[in-house]
Amino acid sequence: MSQTVDRALSILPLLAEGPADLGQVADRLGVHKSTALRLLRTLHEHGLVYRQSDQRYRLGARLFALAQEAMENLDVREIAHPHLVRLNENCGHTVHLAVYEENEVLYIDKVESRYPVRMYSRIGKPVAITVAAVAKLLLADLPEHERRAVAEKLDYPSYTARSTPNAAAFLRELEKVREQGWATDLGGHEESINCVAAPIRGADGRIVAAMSVSAPNVVVTADELLTLLPLVRRTADAISGEYSGRTPVKGTV
């Protein structure tokens with residue numbers, strides 16, 4: 001039975017490459033045409049495979065519907081939280097998870113620092129979108145025309161001397177973030193707070209959320225915080241793998 005299931009599932013990646021006829025499927029599986037036909041009929045009955053008028057087979061609509069339903073029911077916060085906790089246990093600093101919704105970047109999870117100096121960020125609260133590292137990642141992933149439209153509509157408060165001054169500077173920063181795949185906020189919102197962030201991606205490669213580690217200067221310097229970037233990126237990659245189904249569930253740090 002397990003061999004039959006394995007063979008049936010092996011048909012799906014083949015058809016993902018494009019329609020294939022019975023002979024091609026049999027050759028790929030290394031089985032007789034009668035065996036391949038039996039497997040294809042079973043998949044067809046479940047809507048996972050569709051037989052075209054030219055007698056070639058392609059992926060069925062039911063497969064796409066199942067994938068869409070699964071994606072809609074994924075909760076990135078639920079998947080990410082254990083990873084965020086482990087990262088916090090490893091480094092001791094505040095860890096955030098944020099998403100982009102309705103023109104705002106919102107914190108949806110937070111693990112507090114073990115140090116007595118705490119950050120006043122709250123779950124559900126919008127971030128300072130023009131300076132926050134998580135916001136830079138989320139906006140950098142937007143299509144260029146949308147990115148530009150968002151940047152031109154924003155106000156640019158001067159939180160500190162390091163705050164982003166205008167749309168042109170913001171767009172340059174977003175392009176840099178897009179190319180390097182990570183972001184920082186080094187005193188842009190609060191002089192004494194630094195932050196490094198990495199993206200969490202879905203199966204299509206698009207950014208679905210961003211996570212960050214933040215700490216005040218009295219605990220670690222900006223340079224010391226930047227040494228945690230590889231760890232932050234590994235954690236984000238592990239969450240991305242679990243969220244997209246690319247890797248088995250395992251510890252990250």
Side-chain angles (χ1 to χ4, degrees), residues 76-77 80-81 83-84 87-88 91 93-113 117-142 146-201 206-217 219-223 225-226 228-229 231-233 235-236 239-240:
V76 69
R77 180 185 182 277
H81 186 74
H83 296 273
L84 305 183
L87 177 59
N88 168 266
C91 71
H93 306 307
T94 302
V95 181
H96 287 108
L97 181 70
V99 296
Y100 181 57
E101 290 183 355
E102 298 180 358
N103 299 318
E104 288 186 323
V105 174
L106 306 170
Y107 289 129
I108 60 171
D109 202 1
K110 177 183 181 182
V111 184
E112 290 281 7
S113 167
V117 180
R118 298 294 179 89
M119 295 183 62
Y120 293 103
S121 55
R122 296 194 306 272
I123 294 175
K125 180 181 178 181
V127 310
I129 198 167
T130 60
V131 291
V134 288
K136 294 173 185 177
L137 280 166
L138 291 162
L139 295 183
D141 194 54
L142 297 175
E146 189 174 346
R147 199 161 67 235
R148 184 170 296 278
V150 170
E152 291 175 350
K153 290 178 182 177
L154 292 174
D155 294 323
Y156 292 87
S158 295
Y159 300 108
T160 75
R162 296 182 179 180
S163 298
T164 309
N166 51 52
F170 192 47
L171 287 168
R172 287 195 297 271
E173 177 71 7
L174 294 185
E175 185 61 33
K176 175 184 174 183
V177 167
R178 188 179 179 90
E179 291 177 0
Q180 67 188 17
W182 50 274
T184 62
D185 169 17
L186 304 179
H189 186 218
E190 297 179 57
E191 288 279 4
S192 61
I193 302 292
N194 298 304
C195 176
V196 293
I200 295 165
R201 299 181 185 274
R206 296 295 304 276
I207 296 177
V208 297
M211 57 160 293
S212 65
V213 170
S214 304
N217 285 331
V219 176
V220 291
T221 66
D223 287 341
L225 187 67
L226 284 169
L228 294 176
L229 181 59
L231 179 59
V232 175
R233 297 185 75 179
T235 301
I239 298 169
S240 298

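For the numbers below, each heavy atom of this structure counts, side chains included, while hydrogens, waters and symmetry mates do not.
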Looking at [Y], is its backbone amide N or carbonyl O close enough to the side chain of [X] to form a donor-acceptor pair, meaning the two atoms are under 3.5 Å apart?
X      : Y      : value
Lys125 : Tyr107 : no
Arg233 : Ala198 : no
Asn194 : Gly187 : yes
Asn88  : His93  : yes
Asn166 : Ala168 : yes
Thr130 : Tyr156 : no
Lys136 : Val177 : no
Ser163 : Ser158 : no

query: side-chain contact (heavy atoms from CB on, under 4.5 Å) between Ile108 and Val76: does it pass, once the steps are laid out?
result: CA-CA 9 Å; Ile108 60 171; Val76 69; 4.0 Å; yes
About how many Å separate [atom2] of [Y] and [atom1] of [X], when rounded to the nearest 0.5 Å?
X      : Y      : atom1 : atom2 : result
Glu152 : Phe170 : CD    : CZ    : 12.0 Å
Leu84  : Arg77  : CG    : CZ    : 9.0 Å
Arg178 : Leu139 : CZ    : CG    : 11.5 Å
Leu138 : Ile129 : CG    : CD1   : 8.5 Å
Arg206 : Asp141 : CZ    : CG    : 4.5 Å
Glu190 : Cys195 : CD    : SG    : 11.0 Å

Find out whether [X] and [Y] are in side-chain contact, i.e. whether some heavy atom of one side chain is under 4.5 Å from a heavy atom of the other.
X     : Y      : result
Val99 : Val208 : no
Leu97 : Ile239 : no
Val95 : Thr235 : no

Shortest non-hydrogen contact between [X] and [Y], atoms and distance:
X      : Y      : result
Ala222 : Asn217 : N-OD1, 4.3 Å
Val213 : Cys91  : CG1-SG, 4.2 Å
Gly188 : Val131 : O-CG1, 3.6 Å
Arg147 : Leu174 : CG-CD1, 3.6 Å
Ser240 : Arg201 : OG-N, 2.8 Å
Leu137 : Ala183 : CG-CB, 3.8 Å

- prompt: How are the rings of His189 and Tyr159 set to each other: parallel, tilted or perpendicular (split at 30° and 60°)?
  reply: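 His189 and Tyr159: perpendicular rings.
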- request: With side-chain contact (heavy atoms from CB on, under 4.5 Å) as the test, would you mind laying out the steps for Lys176 and Glu179 before giving the verdict?
  value: CA-CA 5 Å; Lys176 175 184 174 183; Glu179 291 177 0; 5.7 Å; no
query: When Val134 is tested against each of Pro199, Ser214, Ser212 for side chain to side chain contact (heavy atoms under 4.5 Å, CB included), which residue passes?
result: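 Running side chain to side chain contact (heavy atoms under 4.5 Å, CB included) over Pro199, Ser214, Ser212 with Val134 returns exactly one hit, Ser212.
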message: Go through it in stages, so that I can follow the logic: the residues are Met211 and Leu87, the test is side-chain contact (heavy atoms from CB on, under 4.5 Å), and I'd like the CA-CA distance, side-chain angles, deciding distance and then a yes or no.
response: CA-CA 11 Å; Met211 57 160 293; Leu87 177 59; 3.3 Å; yes
